[in-house]
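Heads up: the structure comes next, in structure tokens.
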2 protein chains.
Amino acid sequence: MTAARTSPRDRYREQTRAEIKAIALRQLAEGGAGAVALTRIAREVGLSGPALYRYFANRDDLLSSLIQDAYDDAATAVGSVGDQLPPSPRTSLRLLADAYLGWAAAQPHRYLLIQGSPLPGYSAPADTTARARAVLGPFLQVFATGEPDEEVRPLVAELAAWAQEDEAAAAWLREYTGLEPEDDRAATALAGAVLAWSQLHGTVSLEVSGQYAGMGHRARTLLTCQMSTLAAAFRLPDDWPERATG
Amino acid sequence: MTAARTSPRDRYREQTRAEIKAIALRQLAEGGAGAVALTRIAREVGLSGPALYRYFANRDDLLSSLIQDAYDDAATAVGSVGDQLPPSPRTSLRLLADAYLGWAAAQPHRYLLIQGSPLPGYSAPADTTARARAVLGPFLQVFATGEPDEEVRPLVAELAAWAQEDEAAAAWLREYTGLEPEDDRAATALAGAVLAWSQLHGTVSLEVSGQYAGMGHRARTLLTCQMSTLAAAFRLPDDWPERATG
DNA sequence: TCGCGTGAGTTACAGTCTCTAACTCAAGAT
DNA sequence: ATCTTGAGTTAGAGACTGTAACTCACGCGA
């Protein structure tokens, strides 16, 4: 990718960074973000504590790196569904939601790392929002085909204003739907995506943090019901509308 | 309340515990659960570090205490709406959801403490589940009046089985709805409550952890839309059904 | 191929935090 | 009036983050 010049030292450095991140990821999986400890990583790599600060400025920097990877990975998982362009928006929504849940369930701690409670004292780098929105992009595409019911129109209205005032929002929309912010469908897409995100996050995070334990339902069923209801509220069609391919 | 015998020593002890908890609560509000540090609390109270271990067995014990209070407080906030028995189930749902959001928004860190990512190494005491269910109890009452639409029936089915197999679930239902687990309305109530919980948590936790920052909508609007949709999916009536008062 | 800059690594240490051990002391129950 | 018990103390072990000041050898440029 951006391998402008790759000297032996650079390569060695990259390799060590990767090794550190791999161990950090394991610690994350074993005990959550709090369990990621530079000292212990160093011991495992075979270095003395302070050596790690050659590779990451501090603990937050290491976590940021894990967070970025996680967002990118999630975006890929969700995006790969969007790329296949399933038969209908309805189906697409179901598949996207499944992919989201599937990704999170397969690596609960990584999900909690990016979507759980904010880490104490941690402040996210600037591009985090963009990465987060990349995960939700494919949902925009689906909901752009919808016709919002009465019940969700207040939200559509609020987001219509946003699309027209916020350049980043407009760019996000353009990238995934090709729509201009003035288009009614733009606001519809935003409303659908926000609703879907909110419901996905609710169900997935309760599942992943074990709060459904002992309750007699599967998260998958719950999520499917929610997406059906959402599809109904936006009257998602059973076929993709005509559009310029490419 | 349970003041069986209150010796001077007991009173002093209770007062000190309360003071410790008050400071802990402030630290929680200032920097999240991770920022609650016994050492610093001790300094503030004017004691030396280890003295605090006379009052709380360890850090987790202190946090458990805060967690219990938070659940009880939330249950009271939500329950006070349920007690007023608003004009209709539909209205009731809206008011309950508002109360939930309102409580959480007013004290974000306490919300994250009980509903955020699990704390590293922390294992909740046994009665936590019961306390959590007390918060959701009033929702059972509302959804017991519903008629589930097609889209949510898979969830109702799964929860019907649960109600009939799990004694704790049955007891929960009985307490808030008076229904026996065989009753169809029991499963409906459970499904509604679980859906509502999931959606409340999604919206509230994204709001409270600041992930909506920079997006052009209010959490309140989002939540209202969701509750409307949910009310529609359960065909919540505009009047309470007849029932034995008492 | 030689030399030297730079980056990788070291030890030592300061500071924060949790929690245990072993002790003192006085309030209050009997 | 006694003596039990609980509140408080200091000392200290063990993790962890992060800084300072140092050594050393790799590998780039002349």
Side-chain angles (χ1 to χ4, degrees), chain A residues 3-28 30-67 113 118-123, chain B residues 3-21 23-28 30-67 113 119-123:
Chain A
R5 186 76 61 85
T6 162
S7 68
R9 266 190 177 165
D10 287 352
R11 259 175 286 135
Y12 179 74
R13 185 180 173 76
E14 252 347 278
Q15 189 185 318
T16 311
R17 269 180 72 100
E19 193 180 349
I20 291 169
K21 279 165 68 170
I23 297 175
L25 217 44
R26 223 202 44 229
Q27 293 186 347
L28 178 72
E30 282 165 4
V36 176
L38 295 187
T39 317
R40 250 174 321 116
I41 294 177
R43 252 202 298 282
E44 233 176 290
V45 176
L47 292 176
S48 268
L52 289 213
Y53 290 82
R54 294 275 174 210
Y55 297 93
F56 294 92
N58 49 39
R59 191 170 170 273
D60 274 7
D61 188 31
L62 172 57
L63 288 176
S64 283
S65 178
L66 297 184
I67 288 172
L113 181 66
L119 302 167
Y122 174 84
S123 73
Chain B
R5 185 75 62 84
T6 162
S7 69
R9 266 192 176 163
D10 286 352
R11 257 175 289 135
Y12 180 75
R13 186 180 174 76
E14 249 349 278
Q15 189 185 319
T16 309
R17 270 180 72 101
E19 193 179 351
I20 292 169
K21 278 164 69 169
I23 297 175
L25 216 45
R26 222 203 45 228
Q27 293 187 347
L28 178 72
E30 283 165 3
V36 176
L38 295 187
T39 316
R40 250 173 322 117
I41 294 177
R43 253 202 297 282
E44 233 175 291
V45 176
L47 292 175
S48 267
L52 289 213
Y53 290 82
R54 295 274 173 210
Y55 297 94
F56 294 92
N58 50 38
R59 191 170 171 273
D60 274 7
D61 188 32
L62 172 58
L63 287 177
S64 284
S65 179
L66 297 184
I67 288 172
L113 181 67
L119 302 166
Y122 174 83
S123 73

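Bear in mind the structure is a predicted one, so any value in this text is a computation, not a measurement. Chain A is the first sequence line, chain B the second, and so forth, proteins listed ahead of strands; every chain is numbered from 1.
- Following rounding to the nearest Å, A/Gln15 (CD) and C/dA8 (P) show an atom-to-atom distance of 13 Å.
- Overall, the helix from C/dT1-D/dA30 to C/dT30-D/dA1 carries an axis bend of 10° between its ends, with five pairs at each end and the value rounded to 10°.
- When the C1' atom of C/dC19 is taken as reference, atom CG of B/Asp61 falls 13 Å away, rounded to whole Å.
- Within residues 30-49 of chain A, the residues having any heavy atom under 4.0 Å from DNA chain C are, by residue number, A/Leu47, A/Ser48.
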Polar pairs (N or O, both sides) under 3.5 Å between protein and nucleotides 19-26 of chain D?
from	atom 1	to	atom 2	distance (Å)
D/dC26	O2	A/Arg9	NH2	2.7

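- At C/dC17, none of the side-chain N or O atoms of B/Arg59 fall inside 4.0 Å of OP1 or OP2 (strictly under the cut-off).
- When rounded to the nearest whole Å, the span between CG of B/Leu63 and C1' of C/dC17 equals 14 Å.
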Name each donor-acceptor pair under 3.5 Å that joins a side chain in residues 32-43 of chain A to protein atoms two or more places apart or in another chain, with its distance.
from	atom 1	to	atom 2	distance (Å)
A/Arg40	NH2	A/Ala35	O	2.8

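- Taking CZ of A/Phe56 as the start and CG of A/Leu62 as the end, the distance is 5.0 Å to the nearest 0.5 Å.
- Judged as a salt bridge (charged side-chain N to carboxylate O under 4.0 Å, His left out), the pairs with a partner in residues 44-62 of chain B (not counting sequence neighbours) are, in order, B/Arg26-B/Glu44.
- Taking side-chain N and O atoms only, B/Tyr55 has a distance below 4.0 Å to OP1 or OP2 of D/dG8.
- Between the CG atom of B/Asn58 and the P atom of C/dC17 there is a distance of 17 Å, rounded to whole Å.
- Look at CG on A/Leu62: it is 10 Å from P on D/dG18, rounded to the nearest Å.
- When rounded to the nearest whole Å, the span between CZ of B/Arg13 and C1' of D/dG8 equals 13 Å.
- In this structure, the CG atom of B/Leu52 is 9 Å from the P atom of C/dT18, given to the nearest Å.
- Scanning for side-chain contact (heavy atoms from CB on, under 4.5 Å) contacts around A/Ile67 gives A/Tyr71, A/Leu113, A/Ile114, A/Leu119, A/Tyr122, with sequence neighbours left out.
- Residues that satisfy the side chain to side chain donor-acceptor pair (under 3.5 Å) test with A/Thr16, not counting sequence neighbours, are absent from this structure.
- Taken to the nearest 0.5 Å, the CG atom of B/Leu52 stands 8.5 Å off from the CD1 atom of B/Ile23.
- For the pair B/Tyr12 OH and C/dG28 P, the interatomic distance rounds to 11 Å; values are reported in whole Å.
- Atoms CD and OH, from B/Glu19 and B/Tyr55 in turn, are 9.5 Å apart once rounded to the nearest 0.5 Å.
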